[in-house]
Structures are given as C-alpha cells and as structure tokens.
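Below is one structure, written out as structure tokens; the observations come after it.
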Amino acid sequence: MNPSTKHIILENNQVLPEIFGSQDLNLKLIEKKFNVRITTRENEISIKGQPESLNSVENLLFQLERLHESGQPIENGDIKFAIRLMAENPQADLITIFTERIAVSPKKGFITPKGPSQHKFIQSIKAEDIVLSIGPAGTGKTFLAVAMAVEGLLKRRFKKIVLVRPAVEAGEKLGFLPGDIAEKIHPYLMPLYDALNHMMEESQVRNLIEDGAIEIAPLAYMRGRTLSDAFIILDEAQNATKEQMKMFLTRLGFRSKMVVTGDITQIDLPQKNDSGLIQVKSLLKQVEGIQFIDFSEKDVVRHELVKKIIKAYDKPKSKEESSK
C-alpha cells in the first residue's frame with residue numbers, strides 16, 4: 001500500500017517543543033515507532049506513512065496536547081512512555097491514565113500511572129482491601145503501592161504504613177554478612193527505603209520511622225500481630241512460603257489495606273513450588289474483596305532494554321537447554 005500524508009494543526013504551537021523533546025529526540029522516536037515521516041511548520045504537522053500509523057500518531061499528538069492544556073505536568077519520560085504505549089495499543093486513553101494522580105509530599109508533587117495496568121492497579125487498591133499484583137521487575141508494582149500508602153498516611157486515612165519483605169538468601173548467606181541481625185536484614189529492605197525517599201524528604205521519612213508511623217520489617221516479624229488502621233505492603237512475595245503467605249494475609253485488621261507484590265519468575269526459595277504467591281493465585285482468585293492484577297513485560301517502565309531482557313528470558317527454552 002502506498003503511503004499517505006495527513007496534515008494536522010495543533011491549537012497551541014508552544015506544545016510542540018515539549019512533545020518533540022530536546023533536539024527532536026521524541027519526534028525521531030515517534031517516526032521510528034510508527035514508521036512515519038514528520039515535518040512541521042509552526043503549528044501545522046505533516047505526517048507521511050501508512051493510514052493506520054497516521055491515525056495513531058494523530059491520536060497521540062492530540063491527546064498529548066490535551067494533557068498539556070489541562071495543566072497536567074508531563075515529564076519527558078512520560079512522553080516517551082506514551083509513545084511506546086500508543087504504538088502497542090492505538091486505542092489507549094492517555095488522558096484517563098495520566099490524570100489518575102497520587103499525591104505524595106508537596107515538595108515531591110504527584111505520581112501518575114504509566115499505562116493501563118498501573119491505572120487498573122491504583123483503581124483496585126482504592127476499591128478493595130487486599131490486592132495482589134504479580135509481574136516482572138520494572139513494572140512499578142512496589143513503587144505505586146508505596147505511593148498509595150504514603151498518600152493515605154499523609155491524608156490521615158491510615159495511622160501507619162507497614163512495609164514487609166521476606167529475608168530470603170539469594171546466593172549469599174546471611175551468616176556471612178557483617179553486623180547484628182538488624183544490620184544483616186537491612187540490605188533486603190533497601191528498595192523500600194529508596195521508594196519512600198523518592199516520595200518524601202529523607203528527614204520526613206526518618207521522623208516517621210522514628211515515630212512508628214512507618215515500619216519496615218522482615219516478614220518473619222509479622223507473626224502474631226493484627227494490623228488495624230494500616231496500609232500494609234508485602235514486597236518480593238514470591239519468596240514467601242505458603243505458610244508465611246497465609247500468616248501475612250491473616251494479619252489484616254479493621255480499616256486497613258493490604259497490597260502484595262511479586263514476580264513468580266524470580267523465586268529464591270530452595271523449592272520453587274513452596275512459593276505462597278503461586279499457591280495464593282489459584283486459592284483466592286474467586287474470593288470477593290480480593291483483587292489480582294497481572295503485569296507483563298509490556299508494562300515495564302524502566303529502561304527499554306529491561307523490557308527486552310525480560311522478553312528474552314521468557315522465551316521457551318530449546319530442547320538442548322532444557323536437557324542441561
């Protein structure tokens with residue numbers, strides 16, 4: 001099919017430099033993703049390519065213009081993700097996705113979902129008391145869960161945040177690590193500290209931890225407790241055993257929310273079938289009030305190479321590899 005040309009006019013020509021990026025890097029990305037050629041003259045844009053691609057690019061540009069006009073702050077990384085999202089799903093509703101904002105501390109501003117799965121994840125947390133999200137690294141599961149917890153704490157919907165991780169040895173023995181038990185466990189909990197520090201000032205995080213409003217602890221420390229008025233997150237849940245998963249889920253108290261995140265392709269337990277995350281997916285799938293959200297490599301929001309790496313590892317092994 002011969003290429004066609006479409007001419008579109010954006011009402012605000014000042015939005016073009018923001019959309020196309022420094023040195024037109026985003027424009028070049030659009031051309032590559034949709035296999036089109038774009039030329040501009042003031043606020044008039046000419047797009048040359050296949051009709052289906054022309055419609056997708058037109059939809060992308062008009063939605064980005066509407067987001068800009070709404071006053072929604074959009075970073076360069078958001079635009080790059082919007083380009084990728086529209087290339088994979090031409091019917092994507094960027095307005096709905098990017099206007100679902102999570103308010104963290106005033107100095108850090110807002111956090112917005114990057115794609116339909118993240119949007120659904122946020123909506124599920126708002127609607128249900130227990131949400132389990134399963135998918136590969138880099139899809140924003142833990143980050144968004146912590147953001148929702150921070151917003152809930154700062155708006156006084158919850159009295160405390162409880163962040164939990166299994167302290168499972170992944171190729172290195174705890175006994176060989178320096179320090180007492182608290183110091184040995186600390187490295188396992190660092191990703192949770194990183195997420196908090198991204199959303200609040202470090203001094204604020206430190207004060208909330210000292211006051212007990214934020215608790216970061218290994219999963220084993222949850223036994224025997226009932227957690228009310230709390231937002232509770234279990235991260236790296238693929239490394240929780242079946243017994244630990246049951247123990248954790250039954251800690252839920254009144255006026256609390258619980259979010260479980262994990263990646264069943266990265267289980268560090270000696271026996272992978274012992275993972276409570278694998279069992280719970282089939283066991284509780286039909287329980288009303290519990291929501292499961294599945295992420296895939298399409299939802300990865302880290303470097304583009306992370307998505308390619310995950311896709312490569314997910315390919316079926318050859319017979320020769322399987323026999324090794």
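- Residue L25 is not grouped with residue L16 when hydrophobic side chains (ILVMFWY) are merged at heavy-atom distances under 4.5 angstrom, including chains of intermediate members.
- Counted by atom type alone, E236 and Q238 present one or more donor-acceptor pairs between their side chains at under 3.5 Å.
- Each salt bridge (Lys or Arg N to Asp or Glu O under 4.0 Å) pair with one or both residues in residues 129-140, not counting sequence neighbours, appears once here: D129-K257.
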- Working for side-chain contact (heavy atoms from CB on, under 4.5 Å), residues L60 and F34: CA-CA 11 Å; L60 169 68; F34 295 94; 4.1 Å; yes

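- Considering only heavy atoms from C-beta on, T226 stays 4.5 Å or farther from F254 through its side chain.
- No side-chain N or O of Q204 forms a donor-acceptor pair with one of N207 less than 3.5 Å apart.
- A salt bridge links K114 and D78; the closest N-O separation between the charged side-chain nitrogens and carboxylate oxygens is under 4.0 Å.
- Screening K6, H7, Q63 for a side chain to side chain donor-acceptor pair (under 3.5 Å) with E58, the sole residue that qualifies is K6.
- In the displayed structure, E52 atom CD is contacted under 6.0 Å by at most 12 heavy atoms of other residues, nucleotides or ligands.
- A single hydrophobic cluster is seen to contain both L64 and F62, as judged by linkage of ILVMFWY side chains at heavy-atom distances under 4.5 Å, directly or through other members.
- M199 places none of its side-chain heavy atoms less than 4.5 Å from the side chain of N197.
- Inter-residue side-chain proximity for R66 and I95 is flagged as met; some heavy-atom pair is nearer than 4.5 Å.
- A distance of 10.0 Å separates NZ of K246 from CZ of R251, quoted to the nearest 0.5 Å.
- Between N239 and S275, the closest side-chain pair of non-hydrogen atoms is not below 4.5 Å.
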- Task: Go through the steps to decide whether M148 and V259 satisfy the test side-chain contact (heavy atoms from CB on, under 4.5 Å), and finish with yes or no.
- Result: CA-CA 10 Å; M148 292 291 288; V259 177; over 6 Å; no

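- Heavy atoms only, all atoms of each residue included: P113 and I122 are closest at CB-CD1, 3.8 Å.
- Screening residues 78-98 for ring pair (Phe, Tyr, Trp, His ring centres under 6.0 Å) gives no qualifying pairs among residues at least two apart or on separate chains.
- With respect to the salt-bridge test (charged N to carboxylate O, under 4.0 angstrom), the residues K281 and D294 qualify.
- Within a 6.0 Å radius of NZ in K272, more than 12 heavy atoms belonging to other residues, nucleotides or ligands are found.
- Between A92 and N59, the shortest heavy-atom contact is O-ND2, 4.4 Å.
- Judged by distance alone, the side chain of T96 and the main-chain N or O of D93 form no donor-acceptor pair under 3.5 Å.
- Judged purely by distance below 3.5 Å, without hydrogens or angles, the side chains of D235 and T261 pair a donor atom with an acceptor atom.
- K126 NZ: more than 12 foreign heavy atoms inside a 6.0 Å radius.
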- Message: Please evaluate residues V150 and I214 with respect to the criterion side-chain contact (heavy atoms from CB on, under 4.5 Å), reporting the C-alpha separation (whole Å), side-chain torsions for both, the decisive distance (0.1 Å), and the verdict.
- Response: CA-CA 9 Å; V150 168; I214 296 178; 5.8 Å; no

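- Residues satisfying the side-chain hydrogen bond (donor to acceptor under 3.5 Å, both in side chains) test with S4, not counting sequence neighbours, are none.
- Counting non-hydrogen atoms of other residues, nucleotides and ligands closer than 6.0 Å to CZ of R157 gives a total above 12.
- When each of L144, I293, V131 is paired with I125, the side-chain contact (heavy atoms from CB on, under 4.5 Å) condition holds for V131 and for no other.
- Other residues, nucleotides and ligands place more than 12 heavy atoms under 6.0 Å from the CG atom of D211.
- A donor atom on one side chain and an acceptor atom on the other are not found under 3.5 Å apart for N89 and K298.
- Q279 is not listed as a side-chain neighbour of M245, based on a closest heavy-atom distance of 4.5 Å or more.
- Residues D299 and S117 bring a donor and an acceptor atom of their side chains to less than 3.5 Å of each other.
- The shortest distance between side-chain heavy atoms of L227 and M222 falls below 4.5 Å.
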- Item | Evaluation steps, side-chain contact (heavy atoms from CB on, under 4.5 Å), between V164 and F248 | CA-CA 9 Å; V164 184; F248 177 78; 4.1 Å; yes

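- Checked options I79, I38, D24; the residue passing with I30 is I38 (criterion: side-chain contact (heavy atoms from CB on, under 4.5 Å)).
- In this structure, S256 contributes its side chain and F231 its backbone to no donor-acceptor pair below 3.5 Å.
- With values rounded to the nearest 0.5 angstrom, Q118 atom CD is found 6.0 Å from F295 atom CZ.
- Within a 6.0 Å sphere centred on CD of Q23, heavy atoms belonging to other residues, nucleotides or ligands number 12 at most.
- I47 is not listed as a side-chain neighbour of T5, based on a closest heavy-atom distance of 4.5 Å or more.
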